[in-house]
2 protein chains.
Amino acid sequence: MGITERKERERAEMRRRIVDVAIKMFVEDGYEKVSIRNIADKIEYSPATIYLYYKDKDELLYDVQHEAFATLSEEFAKHINHKEPFKRLEQLAFAYVQFARDHPELYDLMFIIKAPMNVEHDEEKWKNGDPAYDALYNLVSECIEKKLIRFKDPTVATLSVWAFAHGFISLDLRCRFKVAGLTGEEINKVVDQSIKEYLHIIKV
Amino acid sequence: MGITERKERERAEMRRRIVDVAIKMFVEDGYEKVSIRNIADKIEYSPATIYLYYKDKDELLYDVQHEAFATLSEEFAKHINHKEPFKRLEQLAFAYVQFARDHPELYDLMFIIKAPMNVEHDEEKWKNGDPAYDALYNLVSECIEKKLIRFKDPTVATLSVWAFAHGFISLDLRCRFKVAGLTGEEINKVVDQSIKEYLHIIKV
DNA sequence: TTTGGAAAATAAACAGTGTTCAGTATATTT
DNA sequence: AAATATACTGAACACTGTTTATTTTCCAAA
């Protein structure tokens with residue numbers, strides 16, 4: 001009597017189909033051009049059908065965000081391999097920046113736009129960001145323990161490194177560096193140099 | 001025969017009225033709830049009338065952004081008064097953070113949302129941000145000249161300080177620190193401490 | 001003071017959005 | 001085969017930014 005299981009499986013498959021199309025459209029057309037109607041068109045279902053699988057757009061975006069974090073984790077796994085913890089911290093920082101440059105629309109969804117954060121506002125944690133945060137937190141903690149960086153509190157250290165990188169990325173993504181009168185290539189150079197310098201001055 | 005002048009003055013007054021109402025609604029109700037129709041309602045004109053004074057919503061938001069930067073400059077003028085340049089840099093940093101906490105919706109418009117940056121995309125500069133950027137740039141430059149901070153390039157230094165503060169503010173405003181499992185008050189403390197520590201380690 | 005033309009304001013519409021709901025089609029159970 | 005439960009959709013609701021044709025208001029010359 002596996003019909004309940006099959007129904008459940010079919011439901012999961014439909015959700016996958018929706019998320020897959022959604023993330024693909026995000027990457028290709030950008031956040032602003034992805035509507036429920038567009039997604040429905042592409043999977044060849046009525047817009048109302050999407051609401052049978054997702055309570056609202058935010059809930060769908062939350063799953064898309066989850067997928068985006070999986071890609072970030074893959075990038076981390078690919079580029080963080082050095083023996084020394086501090087070197088791994090450098091690798092993580094530049095992998096993070098590179099991810100943002102390669103997938104600006106995903107970065108948007110993960111760290112800048114408001115939308116998918118309204119989902120689990122029940123005082124709970126934000127589960128999507130967990131693996132990436134833990135990767136940074138554990139690495140920073142190891143660096144503190146081995147006295148490789150000038151920090152005492154691992155949370156302060158983790159948030160500082162994160163905020164520093166995110167500050168550059170998000171200001172760049174939102175064109176605020178126009179105020180400095182730099183070209184795109186110049187900005188990239190300044191960002192890279194700034195992060196290098198930051199990692200240097202926090203190094204013990 | 002000052003009728004042309006009067007017409008021009010009336011036009012300017014109307015634009016002022018629109019911007020004043022818009023910024024007030026922004027602060028009170030938040031960016032997402034402010035529509036052209038809402039603004040039109042409040043100034044008791046038809047929505048179409050707004051388009052006689054502003055080409056589109058972005059152009060209006062650009063003027064609102066200008067107003068918001070004026071408020072930031074006022075805050076800077078109010079809180080930056082120390083003799084020593086480095087102390088002034090500290091004052092600037094915390095005035096910036098305090099502004100973001102006091103006016104989150106304005107901060108959004110100034111530094112986070114995409115909208116008003118599409119206006120002068122003609123390769124030009126971003127004039128709205130100029131005064132605030134210059135204030136930071138000049139102060140940082142003075143600190144470098146007097147060898148008070150560990151930086152050589154004033155642009156790298158300016159963008160680093162800005163990005164560091166902005167990173168914290170924007171991640172907080174977008175609830176991304178939920179991943180760290182901290183309460184609102186705890187986050188504020190970590191942010192303050194992090195900025196203090198950052199200013200300490202860049203101090204020569 | 002009336003009239004003609006310019007300027008200002010608007011009602012209504014267009015094309016789009018997220019979302020809901022009544023009704024239809026399909027699948028499963030009795 | 002009939003009854004029931006599930007899956008799906010067309011159409012609507014209440015919005016959004018924006019445009020256009022129309023009306024109202026203003027002002028200067030006849």
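A, B, ... follow the sequence lines: proteins, then strands. Residue 1 opens every chain. Remember, predicted model here, so these are calculated numbers, not experimental data.
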Closest to side chain of Lys57(B), choosing from dT19(C), dA11(C), dG17(D) | dG17(D)

Can you figure out which of dT10(C), dT17(C), dC8(D) approaches the side chain of Ser35(A) most closely?
-> dT17(C)

Please work out whether the ring planes of Tyr198(A) and Tyr198(B) are parallel, tilted or perpendicular, with thresholds of 30° and 60°.
-> tilted

Nearest-neighbour nucleotide for the Arg37(B) side chain, dT18(D), dT19(C), dT10(C) considered = dT18(D)

Distance test, side-chain N/O of Ser46(A) to OP1/OP2 of dC8(D), below 4.0 Å = no

Which nucleotide in dT10(C), dC8(D), dT6(D) has an atom nearest any side-chain atom of Lys7(A) = dT6(D)

What's the shortest heavy-atom distance between Glu75(B) and Phe99(B), and which atoms?
-> CG-CD1, 4.1 Å

Where is the tightest heavy-atom contact between Val34(A) and Lys57(A), given as atom of each residue plus distance?
-> O-NZ, 3.2 Å

Find the distance Arg17(A):CZ to dA7(D):P and express it as a whole number of Å.
-> 13 Å

Counting just side-chain N and O atoms, does Thr49(A) come under 4.0 Å of either OP1 or OP2 of dT9(D)?
-> yes

Atom pair distance, as rounded to whole Å: CZ in Arg6(A) and P in dT6(D) | 13 Å

Take atom CE of Met14(B) and atom P of dA8(C), then tell me their distance rounded to the nearest Å.
-> 10 Å

Measure from the side-chain heavy atoms of Ala48(B) and tell me the nearest of dT9(D), dA11(C), dA9(C).
-> dA11(C)

Short side-chain N/O contact from Tyr53(A) to OP1 or OP2 of dC8(D), under 4.0 Å | yes

Which atoms form the tightest heavy-atom contact between Phe86(A) and Leu199(A), and what is the distance?
-> CZ-O, 3.1 Å

Spacing between Asp41(A) atom CG and dG18(C) atom P, to the nearest angstrom = 12 Å

Spacing of Asn38(B) atom CG relative to dG17(D) atom C1', expressed in whole Å | 12 Å

Regarding Arg174(B) and the six-membered ring of Phe111(A), is the cationic atom NZ or CZ under 6.0 Å from the ring centre and inside 45° of its axis?
-> no

In whole Å, what is the span from the OH atom of Tyr51(B) to the C1' atom of dA21(D)?
-> 18 Å

Rounded to the nearest angstrom, tell me the gap between atom CD in Glu32(B) and atom P in dG17(D).
-> 12 Å

Round to a whole Å and report the spacing from NZ of Lys55(A) to P of dT20(C).
-> 9 Å

Residue Leu52(B), side-chain atoms from C-beta onward, closest of dA8(C), dT16(D), dT28(C) = dA8(C)

